[in-house]
Amino acid sequence: MSITPDPAAHSRATGVMRLPSTGGLTDRFDRSLRDLRISVTDRCNFRCVYCMPRSVFGRDYAFLDREELLSFEEIERIARVAAAHGVRKLRLTGGEPLLRRGIEDLIARLAALRTPEGERLEIALTTNGSALTLKAQALKDAGLDRLTVSIDSLDDELFQRMNDVRFPVARVLDGIDAAHAAGLGPIKLNMVVKRGLNDGEIEGMAARFKGTPYVLRFIEYMDVGTSNGWSLDEVVPSAEIVERLGALFPLEPVGAAVPGETAQRWRYTDGSGEIGVISSVTNTFCGTCNRARISTEGKLFTCLFATEGHDLRALLRGGADDEELATAMASIWGARDDRYSEVRASLTPELREARQRIEMSYIGG
Ligand code: SAM
Ligand code: SF4
Ligand code: SF4
């Protein structure tokens, strides 16, 4: 593998942020690395009961200090080396990514990166939508390609109970419309479904967004982290959702648009759009999982359920050059054998609980 001396300086001088290909990576199950999710903050202005419950993320919770976070330069460098290794899509997440000051500057830096073939990377962001009315235009101008907004209910009382900070659903809906008006699209809407909490909202959410430019996706509630007290009884299987909705609005399956796509897609037979279901629990997709995650403080995780990450920040701050960073990433991905969702069913609740799992707000969804 050869990399030009000081490629960052060269790329800046030429305006093209591009490294020569270091070759695509494959893991022990022959899965490529294509998608990198980057958590830009572990903080959030919501306290969603299934993600950052107040009982754990209360006033005394120790969030990371500013200097512990990866800087924009560090994120850009990791992304650039990842692109040389075959990554084609970056997703910014958190915590709430719009809380990270200057997020649009980071997006602009990432939008300037190029694959070894000279193509742009696709830049996506997942947000709770609370700051979208303010930020949508700046995100679009910076070069954001895709947006996902989380919205778990249309019932204001329930929405506020779920975010646990009294944030009204109307402001999220306004944010979604502002994003659309700014030209951000395609916009996807994520609804995590938890039985006994918001499963009564499934039909109403589908009806509300049917015939709009937005694609609603229902996500099975997962056992991420250890703070949400997950139980299998609280998961509403995707098959049940498709059956319930199909009884109201006839649906037909749509093939996957890209390999490794997490959502199974269904379209309304009357032509009024489509929905997706993400069956992380009942119909797992580890076999095609091409995603890696960078935590807020720069650890590389090869699975959402990994028990520990690999410290890239230590390498960066220890003076490693791009070649050393690329070699480290290659050896981490080459050793990857994660497939937690496939083995989940065979774990007893005790074994599952005994695993040290990382919180979603830290590793990024
Ligand atoms: N704050 C942003 C947001 O809410 O969109 C981005 C980070 S959030 C961790 C990313 C996604 O993970 C959200 O769509 C959220 O609903 C989802 N999520 C969080 N905890 C989850 C869980 N236990 N099961 C399934 N999805 C979860
Ligand atoms: Fe915050 Fe997103 Fe987690 Fe809700 S799901 S607490 S908005 S990080
Ligand atoms: Fe990928 Fe891990 Fe999720 Fe399986 S459990 S799909 S390997 S992140």
Side-chain angles (χ1 to χ4, degrees), residues 1 3 7-8 19 21-42 62-65 67-95 97 100 106 110 113 121 222 224-226 260 286 288-343 354-365:
M1 178 176 63
I3 290 178
L19 281 184
S21 173
T22 45
L25 303 180
T26 45
D27 70 6
R28 289 200 186 170
F29 295 123
D30 210 25
R31 297 170 297 188
S32 308
L33 171 62
R34 306 296 283 184
D35 182 331
L36 187 65
R37 302 185 174 205
I38 304 166
S39 174
V40 295
T41 176
D42 59 338
F63 289 101
L64 295 170
D65 287 335
E67 61 277 8
E68 295 180 89
L69 271 50
L70 286 184
S71 68
F72 289 172
E73 289 78 7
E74 289 168 334
I75 293 175
E76 179 188 329
R77 222 178 129 205
I78 291 175
R80 190 159 41 84
V81 172
H85 267 326
V87 162
R88 295 294 172 264
K89 182 171 171 187
L90 303 172
R91 177 171 294 279
L92 302 180
T93 175
R100 179 82 188 252
L106 174 63
L110 299 177
L113 296 177
L121 304 183
M222 287 185 287
V224 211
T226 43
C286 299
T288 56
C289 180
N290 52 18
R291 288 175 294 285
R293 293 175 162 84
I294 302 282
S295 73
T296 315
E297 56 183 339
K299 291 200 173 137
L300 176 66
F301 286 85
T302 53
C303 176
L304 186 52
F305 298 92
T307 49
E308 59 191 84
H310 305 266
D311 195 351
L312 297 187
R313 190 188 67 184
L315 277 179
L316 291 170
R317 297 191 182 172
D321 63 17
D322 284 342
E323 187 158 349
E324 286 166 311
L325 194 55
T327 304
M329 276 191 205
S331 82
I332 294 164
W333 192 262
R336 176 185 191 241
D337 61 359
D338 306 277
R339 50 186 196 96
Y340 174 81
S341 288
E342 281 180 5
V343 299
R355 271 176 76 104
Q356 278 284 318
R357 290 188 311 273
I358 309 299
E359 297 299 334
M360 188 88 147
S361 49
Y362 163 80
I363 193 176

Taking side-chain contact (heavy atoms from CB on, under 4.5 Å) as the test, write out the residues that go with [X], two or more places apart.
X: Thr41; answer: Arg43
X: Asp65; answer: Glu67, Glu68
X: Ala320; answer: Leu315, Glu324
X: Ala292; answer: Leu33, Leu36, Leu300, Trp333

Between [X] and [Y], is any pair of side-chain heavy atoms under 4.5 Å apart?
X: Ile38; Y: Leu70; answer: no
X: Leu110; Y: Leu121; answer: no
X: Leu312; Y: Met329; answer: yes
X: Leu304; Y: Arg37; answer: no
X: Phe305; Y: Ser341; answer: yes

Report the distance from atom [atom1] of [X] to atom [atom2] of [Y], rounding to the nearest 0.5 Å.
X: His310; Y: Thr302; atom1: NE2; atom2: OG1; value: 5.0 Å
X: Glu73; Y: Arg80; atom1: CD; atom2: CZ; value: 11.5 Å
X: Ile332; Y: Lys299; atom1: CD1; atom2: NZ; value: 12.0 Å
X: Thr288; Y: Arg34; atom1: OG1; atom2: CZ; value: 13.0 Å

Using salt bridge (charged side-chain N to carboxylate O under 4.0 Å, His left out) as the criterion, list what pairs up with [X], not counting sequence neighbours.
X: Lys89; result: Glu122
X: Arg77; result: Asp322
X: Arg100; result: none

Please report the closest heavy-atom contact between [X] and [Y], naming both atoms and the distance.
X: Cys303; Y: Tyr340; value: SG-CB, 4.1 Å
X: Phe301; Y: Ala306; value: CD2-CB, 3.8 Å
X: Asp42; Y: Phe63; value: O-CE2, 3.3 Å
X: Ser39; Y: Gly94; value: OG-CA, 3.5 Å

Restricting to side chain to side chain donor-acceptor pair (under 3.5 Å), what partner residues turn up for [X], sequence neighbours left out?
X: Ser295; value: Tyr362
X: Arg336; value: Asp27
X: Ser32; value: none
X: Glu342; value: Arg339

Please determine whether side-chain contact (heavy atoms from CB on, under 4.5 Å) holds for the pair Ile75 and Ile294, giving the CA-CA distance in whole Å, both sets of side-chain angles, and the decisive distance to 0.1 Å. CA-CA 9 Å; Ile75 293 175; Ile294 302 282; over 6 Å; no

Taking Glu74's backbone N and O only, do any of them form a donor-acceptor pair with Arg313's side chain (distance below 3.5 Å, no angle check)?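 No, the answer is negative, given that no donor and acceptor are paired below the 3.5 Å cut-off.
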
If the condition is ring pair (Phe, Tyr, Trp, His ring centres under 6.0 Å), which residues does Phe29 pass it with, not counting sequence neighbours?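 Expected list: none.
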
